[in-house]
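Indexing begins at 1, ligand by ligand and atom by atom, following the structure's order. Heads up: numbering here begins at 1 and tracks the sequence.
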Amino acid sequence: MIDPASALDGQYDVLVRDGKIAAAERAGTRINLHDATLVDASGWWIVPGLIDPHVHLRDPGFPEKETILTGLRAAAAGGFTTVAAMANTSPVNDNPATTRYMLERAMEARSARLVPVSAVTQGLRGIEPVDFAAMADAGARLFSDDGIPIDDAMVLSRALDETGRLGYAVALHEEDRALSCDGALNAGGVAEHLGVSGYPDSAESQRVRRDLALAIGSGAAVHIAHVSTPESLELIRAARRHGAQVTCEVTPHHFTLDESAALTWGPNAKMNPPLRNRDDVEALRAAIRDGTIDMIATDHAPHDPKSKRMEQLAGLFGPGHQAARLEHDAAEMFADAANGVVGLETSLGLALDLVHRSLIEPARLVEMMSLKPAALLRLKAGALAVGATADVTVVDPNLEWTVAPEKFLSKSRNTPFAGMRLKGRAMLTIVAGEIVYDGRKP
Ligand SMILES: [Zn+2]
């Protein structure tokens, strides 16, 4: 049992009753079992249910990509008991009725929990703010226009005043579009080789710089989504020294892959922000180790093959193959391909790689994948104290498996990790004492 909230790490027997942690005792001491169902978790980890603070479930609006039902089942299969669903649906989650729709679909799914993220601005247009208090009353626990940056500093500044008063954080997609210019890949050698437009580091760090200045000024909580550059990390460290309430997340794809993945995976390695270069990946891993990065988020972004232009680009990319320079039409298709990758079912395995490489301790992984996201979302979760809600993930840290996208419970298959060998995965995902995913069955 690994529970960083109570600095607990050792062999324990855990009793769950009526949806709550009823007891946790040193293994071998007599726990009162009544007629309990026994789960032999020896050799496995019992951890607070994993929480992903950043997913796109595409519901309402894009059932060909994902629905709340399939997305939550994918989450549970990845070991997540809770996911925070971003607002860029259709309609946008900028109104209480959409928030309620999301929560109702999630209840029906009887799987992982859904925490709605409210838009900051109406229609994600960056102009008119949402009714923050009404959205919080409806169940939103975080505010974000993710997918689109908030270009108008005054709009963000006013939003921070209101969210700060209400006690919630704003998660920021940091992109200066005057600099990113719809760049298809990280500005650098791979973009040049393929003949596609580049998206420079500065497009992110410039906007991080502006927004951290606003955060310092307002004192409100801000959360930097999918941080991808060393400059952003430096700015976050500096802002903390100036008293900013700032947290940040990194995605498994940004700490695992560099830009060269696009040569093999094409549109399935295209996302915003883009995969960066090898040095940047090392900087992200160092920031995971030194604590600058608070948490891991998948930015799960399911897309159908059509949105990814897979048919038009067929044959140009693929495993064991490095793409050559793209012809003009293919380069345009590549630029048109939707951004993002699925991540819910590979996140834990990729994060465990950090543990297997001794970059971090298991307790730090649990902190990054449960305790810190719980705090960001203002949830009473991420801990296994007696009396706590029994949201629990049971992990086999050593089970080796191969990523097989055709087996994903997500509706979408857009991953750059197909065929990768991973070590460790969720065996049981338990929400309020109910098993919502059982990975023990083959
Ligand atoms: Zn984003």
Verify the neighbour count for atom CD of Glu327: are there more than 12 heavy atoms of other residues, nucleotides or ligands below 6.0 Å?
no

In terms of heavy-atom contacts, does CZ of Arg357 have more than 12 from other residues, nucleotides or ligands at under 6.0 Å?
no

Give a yes or no on whether His54 keeps an N, O or S atom under 2.8 Å from the Zn ion (ligand 1).
no

Within the distance-only criterion (no hydrogens, no angle test), does the side chain of Arg207 pair as donor or acceptor with the backbone N or O of Ile150 below 3.5 angstrom?
yes

Identify, by name, the N, O or S atom of Asp146 lying closest to the Zn ion (ligand 1).
OD1

Nearest to the Zn ion (ligand 1) - the N/O/S atom of His226, by atom name
NE2

So which of the N, O or S atoms of His173 lies nearest the Zn ion (ligand 1)?
ND1

Would you name the heavy atoms of Val403 and Phe417 that are closest together and state the gap between them?
CB-O, 3.2 Å

